[in-house]
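One structure below.
The chains referred to below are lettered A, B, ... by the order of the sequence lines, with proteins before strands, and numbering in each begins at 1. Both backbone and side-chain heavy atoms feed into the values below; hydrogens, waters and symmetry mates do not.
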Amino acid sequence: MLSTSVSVTSRLLSLKIYRGLGSIPAPLYYDSIIEPLGFPSNDNLHRSSNGVRVFDLLEGNGATALRCLYNMLLKECTVSKRVDQGKTVHAHVAKSLFRCEVVMNNTLLNMYAKCGSLEEARKVFDEMPQRDFVTWTTLISGYSQHGQPIDALVLFIQMLRDGFIPNEFTLSSVVKAAAAAEPRGCCGQQLHGFCLKCGYDLNVHVGSSLLDMYTRYGLMDDAQLVFDALESRNDVSWNVLIAGHARRCGTEKALEIFQRMLREGFRPSHFSYSSIFGACSSTGFLEQGKWVHAYMIKSGEKLVAFAGNTLIDMYAKSGSIHDARKIFDRLAKRDIVSWNSLLTAYAQHGFGREAVCLFEEMRKAEITPNEISFLSVLTACSHSGLLDEGWHYFELMKRDGIVPKAWHYVTIVDLLGRSGDLDRALRFIREMPIEPTAAIWKALLNACRMHKNVELGAYAAEHVFELDPDDPGPHVILYNIYASGGRWNDAARVRKKMKESGVKKEPACSWVEIENAIHMFVANDERHPQREEISRKWEEIYAKIKDLGYVPDTSHVVVHVDQQEREVNLQYHSEKTALAFALLNTPPGSTIHIKKNIRVCGDCHSAIKLVSKVVEREIIVRDTNRFHHFRDGTCSCGDYW
DNA sequence: TAGGGCTCCT
């Protein structure tokens, strides 16, 4: 028996499994193999990078050493997700005296499950002569962690039928599966009842899973109840609650829980920071986000990619593209998401040249761009009108073996549309190997609006209405195309159709953040306490920009009323009111940040360009698509958005 | 030998 084991060990070594696994540190050999066998500590052993010397020492107890070796190799394969090498170890285990051992098979099953090789894991499970509750739990968590929640739930029911008793490990995985399996079903609540009956509902692991499940269902009060009842809390339970509120745009609540977490003496991790920064960026709470960033620096937390990437996104989405770059430069170690975050930021701000430079820098650093990197650089090219560069990267992407997805095609249609070559854009749509999506037709529709092509615009709009009938945006764009061409009958028809189909234009609103407070404005707002001052300020600005040649473009008023009334209507658009308010309440010379829930209107765009010149200030407007940097009478979008 | 939180995307 002994000689067989040793010979398997030698064969493993001769198969270069050890070497193929890379650097298993020598102390690990000592801790896992040598010490349990009672060998004395040996400095040479610690320093040795050559496993052979270690195994020379093991000949005295082959079976135990071999079990340790298999466990250690499988652990290494699991951690480094090297399933191919795991299969080689599996082949040896299958021929060994351990092949029927439950624990050894559980380890193998775990290796496959963790690597996401669920078919292999299932095969091990099915072929096991004996199973225990760990066997069931391991496969359930494998399914749960790798996007097969229904399989996890089915297996859980089978487990119960076979008479196995689940424990806190099983339940935390199965609750996670329930949260992913259905948007808001009763299955999760039934499971909660089951956990309660088993006495696991207050356990920190099961409780955190339940808490997460309720936040995903949107049942925040239930989540809070679970959290309050937990018998103990750790950083994960706090982070789950913070992340839950952050995901649901409950930024203020997320910040409040974060502060409570600090008060109760828990140290935030990069998960906490990442959730907070993500929440601040999606809702535009820049000042609060900066405060948390400052706290992070003060507490000595290192800027790792995980939180740093969200911070890049936060600064970029708040309009501070230069701060986003600073964070990127300070990251000790960057991953692909770091590069993509900054690329995306440049794309959203219309910094096409910078995006192209960064993309090249990335390739020089031997980082392989993925489909998001290409999407970002293509979007940046289209937002800056870099037609040739855009084509170049589209071809490069295909050469690199990345199959373009619908959103890549959108950017190319946008790029061609922007250049004014609408026929080529249409030809491109007809020749693409995928079925055009609503977004692709929307890109063409938008180009038709820009270049005032009524016929093609109507054609593109028909496709959009068919594929995405509920989006009010395209109806408004088609209305504007007809209106700006003076075709009021057609425009009225679009309006009638909107009414009949129940599609409602989203009410426009703009907001500014001044000294930690968000001020929101809607068109013709009569209720604002400073409305008279705002109105006077705008009239003053209006007179100045008129002197510079501003002519109100009344085609942007989506109501067919007389010319004078249309001009008046235009002057009370929410972005103009927000701008007047910001001018009244911020120091001269400072940058003004405005956010809008829909696309900036064309007339406001022309007006804000001139305002930036008149007041000599930079004005940054974020709408649903992108950022506009207005400075000295021009906009970074080059009037195409 | 098994568990919970995970950033970038038209």
Side-chain angles (χ1 to χ4, degrees), chain A residues 71 74-75 78 101-111 113-114 132-142 144-145 166-177 179 200 203-213 215-216 234-244 246-247 269-279 281-282 304-314 316-317 335-345 347-348 370-376 378-379 382-383 405-414 437-440 442-443 446 624-626:
Chain A
N71 281 333
L74 287 172
K75 191 176 172 187
T78 309
E101 279 187 8
V102 178
V103 173
M104 183 58 81
N105 278 308
N106 285 348
T107 311
L108 274 167
L109 175 56
N110 183 46
M111 183 271 297
K114 282 275 175 16
D132 64 8
F133 61 96
V134 174
T135 319
W136 289 87
T137 303
T138 308
L139 190 56
I140 288 172
S141 64
S144 173
Q145 285 166 356
N167 62 5
E168 70 265 41
F169 287 80
T170 328
L171 290 173
S172 48
S173 289
V174 102
V175 169
K176 180 182 157 81
Y200 284 120
N203 170 277
V204 67
H205 287 106
V206 179
S208 297
S209 278
L210 284 168
L211 179 53
D212 182 57
M213 179 190 80
T215 67
R216 285 175 199 274
N234 60 13
D235 62 326
V236 175
S237 23
W238 284 98
N239 288 342
V240 172
L241 194 59
I242 292 173
R247 240 189 334 260
S269 67
H270 55 279
F271 286 114
S272 340
Y273 287 117
S274 172
S275 295
I276 291 287
F277 296 145
S281 83
S282 58
V304 298
F306 198 95
N309 298 343
T310 332
L311 206 49
I312 293 174
D313 185 54
M314 184 189 86
K317 286 219 175 86
D335 61 14
I336 179 78
V337 178
S338 321
W339 291 88
N340 288 353
S341 301
L342 191 59
L343 276 174
T344 307
Q348 285 166 343
N370 64 14
E371 57 177 37
I372 294 174
S373 325
F374 277 105
L375 175 67
S376 298
L378 287 171
T379 308
S382 92
H383 281 181
K405 298 247 169 65
W407 53 55
H408 296 106
Y409 288 109
V410 172
T411 60
I412 299 296
V413 172
D414 199 53
T437 59
I440 291 172
K442 281 179 199 175
N446 204 30
T624 37
N625 294 334
R626 57 169 297 149

E371(A) near the nucleic acid: base, sugar-phosphate alone, or nothing, with a heavy-atom cut-off under 4.0 Å? nothing
Touch check for N71(A), heavy atoms < 4.0 angstrom, all strands: base, sugar-phosphate only, or nothing? nothing
Classify the side chain of S208(A) and the base of dG4(B) as holding, or not holding, a donor-acceptor pair under 3.5 Å. yes
In whole angstrom, give the distance that lies between atom CG of D235(A) and atom C1' of dG4(B). 11 Å
For the side chain of L375(A), counting heavy atoms from C-beta on, which of dT10(B), dG4(B), dC8(B) is nearest? dT10(B)
Without decimals, in angstroms, what is the distance between L378(A) CG and dC8(B) P? 20 Å
Under 4.0 Å, counting only non-hydrogen atoms across every strand here, what does S341(A) touch: a base, just sugar-phosphate, or nothing? sugar-phosphate
Separation of dC6(B) C1' from D335(A) CG (nearest whole Å): 12 Å
Just to confirm, is there a sub-4.0 Å distance from OP1 or OP2 of dG5(B) to any side-chain nitrogen or oxygen of K176(A)? yes
Taking only side-chain nitrogens and oxygens of R247(A), does any of them come within less than 4.0 Å of OP1 or OP2 of dC6(B)? yes
What is the separation between atom CG on N309(A) and atom C1' on dC8(B), rounded to the nearest whole Å? 7 Å
Regarding the side chain of S269(A), the nearest nucleotide among dG5(B), dG4(B), dT10(B) is dG5(B)
In terms of side-chain heavy atoms of V236(A), which of dA2(B), dT10(B), dG4(B) is nearest? dG4(B)
Once you apply a heavy-atom cut-off of 4.0 Å, does V204(A) come out as touching a base, just sugar-phosphate, or nothing? base
Under a 4.0 Å N-O cut-off, is there an ion pair linking K442(A) with D414(A)? no
d(CG, D414(A); P, dT10(B)) in whole Å: 12 Å
Closest approach to the side chain of R216(A), judged atom by atom: which nucleotide of dC6(B), dG4(B), dT7(B) is it? dC6(B)
What's V240(A) touching, base or sugar-phosphate or nothing? Going by heavy atoms closer than 4.0 Å. sugar-phosphate
For the ring pair F271(A) and F306(A), is the centre-to-centre distance below 6.0 Å? yes
Does the side-chain ring of F306(A) sit on the six-membered ring of the dT7(B) base, less than 5.5 Å centre to centre and under 30° in tilt? yes
Tell whether N167(A) reaches the base of dG3(B) with its side chain through a donor-acceptor pair below 3.5 angstrom. no
Do K75(A) and T107(A) come within less than 4.5 Å of each other through their side chains, counting heavy atoms only? no
Give one of base, sugar-phosphate or nothing for A439(A), where a contact means two heavy atoms less than 4.0 Å apart. base
Name the nucleic acid region contacted by N105(A), choosing base, sugar-phosphate or nothing; use a 4.0 angstrom heavy-atom cut-off, strictly under. nothing
With respect to the phosphate group of dC8(B), does any side-chain polar atom (N or O) of Q348(A) fall under 4.0 Å of OP1 or OP2? no
For Y409(A), which contact category applies under a 4.0 Å heavy-atom criterion: base, sugar-phosphate, or nothing? nothing
Within the structure shown, what part of the strands sits under 4.0 Å from N110(A) by heavy-atom distance: base, sugar-phosphate, or nothing? sugar-phosphate
